[in-house]
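Shown next, in structure tokens, is the structure this report addresses.
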Amino acid sequence: MTSTPATPTATTAAAETVSAAFPAAESADGTGLHGPVTDWFDEHARDLPWRRPEAGAWGVMVSEFMLQQTPVSRVLPVYEQWLARWPRPADLAAEAPGEAVRAWGRLGYPRRALRLHAAASAIQERHGGDVPREHAQLLALPGVGEYTAAAVASFAYGQRHAVLDTNVRRVFARAVAGRQYPPNATTAAERKLARALLPADEDLAARWAAATMELGALVCTARGPECVRCPIAAQCAWRLAGSPAHEGPARRTQTYAGTDRQVRGKLLAVLREAVTPVPQTVLDAVWHEPVQRARALDGLVADGLVEPLAGGRYRLPLT
DNA sequence: AATCCGTGGGG
DNA sequence: TCCCCAAGGAT
């Protein structure tokens, strides 16, 4: 399973793809990117709790769920509380799902809390309480998609996987494709490129994955990239092309005010704070428009985030 | 493939 | 102020 630098097929495929996208690449790793990026990472990586050895695979998995669309700064305190309360998957699986939703706090997208609880239960039932090591088994868990499966396998278990998140996609778009931003949806070409750029050595591949993510998060940011601090600025295709502005249609701006999501958020905020079941009349006060309010509440119930009780009362789910 | 799903901080 | 967007996943 482990590739070596001498493996002909992998190396050849990588070289072809890379040379097609980046003709000037001639150094040992095919691109000249590995050394500068991993060296930069060694010096500048943040000391995040889920990167410490004691975090374990469960800590890595919890962090990955929380970091799906939520910034590090907001995840940090909730992560610490979560791991202190539920240090193993079995601990979370033994709780009511509503407690996971409550502990999720204001991280947003609370369905992630429900899925993390469901993942903990699945880990308990299918894997004896240990976070599985295999990508396919990780991918089968609730709330674990292509990215999270690769991230856990790579960061927790040191395996060789292409970890393609929004940061890595942006770094590759700029450094290799010469564009300011990656495509809206992840393309086959991006996956192919990510695989081609992945170092053959397993340990180096895992460090490369973390390093490219960190570079995108700290230096090669979406808005104001700090190219003066970038270890690969001299090789960056986008920069060499004169940093051309993004072509094509503007990214779809996600509206929030007045949407069902906002109403769901207001309803759930009330239920999170409540110790006892909440009467319908209290929920009615959070939004003026009755049709949308009812639709939002129905949606929360359908998602399993809210449990309806007799007498028009509601609470976070016990089962 | 396009939409839906929260929340808050920074420019 | 308003707008962008932040370690995605499911349908």
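Just so we're on the same page: letters track the sequence lines, and every chain starts at 1.
Contact annotation: A:R112 does not reach the phosphate of C:dA6 (side-chain N/O to OP1 or OP2, under 4.0 Å). Neither OP1 nor OP2 of C:dA7 sits under 4.0 Å from any side-chain N or O of A:T148.
You'll find that the side chain of A:R170 is closest to C:dA7, out of C:dA10, C:dA7, B:dC5. In the set C:dA7, B:dC5, C:dG9, B:dC5 carries the atom at the smallest distance from any side-chain atom of A:Y109. If you check B:dT7, C:dA7, C:dG8 against the side chain of A:R51, the one that comes closest is C:dA7. The side chain of A:Y147 approaches C:dG9 more closely than any other nucleotide in the set B:dT7, C:dG9, B:dC5. Closest to the side chain of A:Y181, out of C:dC5, B:dG8, C:dA7, is C:dC5.
Between the side chains of A:W238 and A:Q180, not a single donor N or O lies within less than 3.5 Å of an accepting N or O. Remark: the A:Y109 side chain and the A:R261 side chain contain an N/O donor-acceptor pair separated by less than 3.5 Å. A:E64 and A:Y147 share a side-chain donor-acceptor pair at under 3.5 Å.
Using a 4.0 Å heavy-atom cutoff across all strands shown, A:L268 reaches no nucleic acid atom at all. Within 4.0 Å (heavy atoms only), A:E146 reaches sugar-phosphate atoms of the nucleic acid but no base atom. The residue A:V144 sits close only to the backbone: its heavy atoms come under 4.0 Å of sugar-phosphate atoms, none of a base. Across all strands, A:R295 comes closer than 4.0 Å to no nucleic acid atom at all (heavy-atom distances). Nucleic acid contact for A:L116: none, since no nucleic acid atom lies under 4.0 Å from a heavy atom of the residue. Residue-level contact check: A:F65 touches neither bases nor backbone, having no heavy atom under 4.0 Å from any strand. Using a 4.0 Å heavy-atom distance criterion, A:W104 is classed as making no nucleic acid contact.
When each of A:P142 and A:E214 is assigned the nucleotide of DNA chain C bearing its nearest heavy atom, the one mapping closer to the 5' terminus is A:E214. Comparing A:R223 and A:Q68 against DNA chain B, the residue whose closest nucleotide sits nearer the 5' end is A:Q68.
To the nearest whole angstrom, the two P atoms, one in C:dA10 and one in B:dG8, are 24 Å apart. For the C1' atoms, the distance linking B:dA1 with C:dG9 amounts to 15 Å, nearest Å. Across the P atoms, C:dC3 and B:dG6 are found 22 Å apart, a figure rounded to whole Å.
Contact annotation: side chain of A:R261 to base of B:dC4, donor-acceptor pair absent below 3.5 Å. If you check distances only, the side chain of A:T70 does reach the base of B:dG6 with a donor-acceptor pair under 3.5 Å.
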Working for salt bridge (Lys or Arg N to Asp or Glu O under 4.0 Å), residues A:D298 and A:R295: CA-CA 5 Å; A:D298 286 348; A:R295 185 172 65 234; over 6 Å; no

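Aromatic ring centroids of A:W104 and A:W82 lie under 6.0 Å apart.
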